[in-house]
Amino acid sequence: MEILAELELCRRLYKLHFQLLLLFQAYCKLISQVNTIKKEAEVINMSEELALLESCLKEAEAASDSGIEEIEIAEASQASTETAIHSLIEALRSKEFVSAVAQVKAFRSIWPHDIFGSSEDDPIQTLLHIYFRHQTLGQTGSFAVVGSNQDMSEASSKLMELNLEIRESLRMVQSYHLLGKIKPGVSLVSTGF
């Protein structure tokens, strides 16, 4: 009986060991990502750009709903989701907002529940997500607050402040870490973190 209890204890310790290993790996990945973000020189607030784009798209959607224009979508843009996204980005860049709204609706019928969403989703929000994702591809430190009728400038400035505080805290931690390497006999304690 005692052997079975020891065996069960060993199994649980073994399982715990690997759970802790996974937790440690996730922690290392998080630290690596935070370090990457810390190295970024600037935080990019795309809220105004996306809010302007949102208002243009709403006007375009209203125009397309009233049936003013009929948009033809090129077959080449329907070859794959990548070409479709490229077509949408080009339409947004050239300010062909009615075309962009019509395209996202058409692409939903070709690729339902894909990056273009489903027919129940708001096409404007889908276009904003695709545009933001494309504009920030490979970058860190970008954010946008859109879609609210309230003044979001206070929330936006608080997000910027918070981001700067986190960066400053990371710099302090890194400087403590460097000081610890220089003077290995000295123990540093900080209560600010």
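Below, all heavy atoms of this structure are taken into account, side chains as well, without hydrogens, waters or symmetry copies. Model, not experiment: these values are computed from the prediction.
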Exercise. In Å, rounded to the nearest 0.5 Å, how long is the span from OG1 of Thr136 to CE of Met46?
Worked result: 6.5 Å
Exercise. For Glu165, what residues pass the side-chain contact (heavy atoms from CB on, under 4.5 Å) criterion, not counting sequence neighbours?
Worked result: none
For this session: Return the minimal non-hydrogen interatomic distance between Ala91 and Gln103, and the atom names on each side.
Result: CB-NE2, 3.8 Å
Problem set entry | Nearest-0.5 Å distance, NE2 of residue His17 to CG of residue Leu22 | 9.5 Å
For this session: Among Ile115, Leu128, Ile89, find the residue that satisfies the side-chain contact (heavy atoms from CB on, under 4.5 Å) test when tested with Arg133.
Result: Ile115
Seminar exercise, completed: In terms of heavy-atom contacts, Leu88 and Phe107 come closest through CG-CE1, 3.9 Å
Exercise. Are Ile130 and Ile110 linked, directly or through other ILVMFWY residues, by side chains that come within less than 4.5 angstrom of each other?
Worked result: yes
Exercise. Measuring from Ser109:OG to Phe116:CZ, what's the distance to the nearest 0.5 Å?
Worked result: 10.5 Å
Exercise. Quick one: are His134 and Leu92 in side-chain contact, heavy atoms under 4.5 Å?
Worked result: no
For this session: Quick one: list whatever passes side chain to side chain donor-acceptor pair (under 3.5 Å) with Glu168, sequence neighbours left out.
Result: none
Problem set entry | Partner set under side chain to side chain donor-acceptor pair (under 3.5 Å) for Glu49, not counting sequence neighbours | Tyr131
Problem set entry | Listed partners of Ile3 passing side-chain contact (heavy atoms from CB on, under 4.5 Å), at least two apart | none
For this session: Identify whether Ile124 and Leu52 are in the same connected component of the hydrophobic contact network (ILVMFWY, side-chain heavy atoms under 4.5 Å).
Result: no
For this session: Sort and list the pairs that fulfil salt bridge (Lys or Arg N to Asp or Glu O under 4.0 Å) and have at least one residue in residues 109-132, not counting sequence neighbours.
Result: none
For this session: Nearest 0.5 Å please: distance from the CD1 atom of Ile85 over to the OG1 atom of Thr81.
Result: 5.5 Å
For this session: Report yes or no: does His86 contribute a side-chain atom to a donor-acceptor pair with the main-chain N or O of Glu82 at less than 3.5 Å?
Result: no
For this session: Scan residues 88-100 for pairs that pass salt bridge (Lys or Arg N to Asp or Glu O under 4.0 Å), counting only residues two or more places apart or in two chains.
Result: Glu90-Arg93
Seminar exercise, completed: Smallest heavy-atom separation, Lys105 atom then Pro123 atom, equals CE-CG, 3.8 Å
For this session: Each residue besides Tyr14 in its hydrophobic cluster should be listed here, by chain and number; the cluster joins Ile, Leu, Val, Met, Phe, Trp and Tyr at side-chain heavy-atom distances under 4.5 Å.
Result: Phe18, Leu21
For this session: Go through the structure and list residues passing side chain to side chain donor-acceptor pair (under 3.5 Å) with Arg12, not counting sequence neighbours.
Result: Glu8
Exercise. Which ILVMFWY residues are connected to Ile31, directly or by a chain of links, through side-chain heavy atoms under 4.5 Å apart?
Worked result: Tyr27
Problem set entry | Linked, directly or transitively: Leu20 and Leu30 (ILVMFWY side chains, under 4.5 Å) | no
Problem set entry | Contact check, side chains of Leu50 and Gln135, non-hydrogen atoms, under 4.5 Å | no
For this session: List for me each residue that meets ring pair (Phe, Tyr, Trp, His ring centres under 6.0 Å) alongside Phe24, sequence neighbours excluded, and say none if there are none.
Result: none
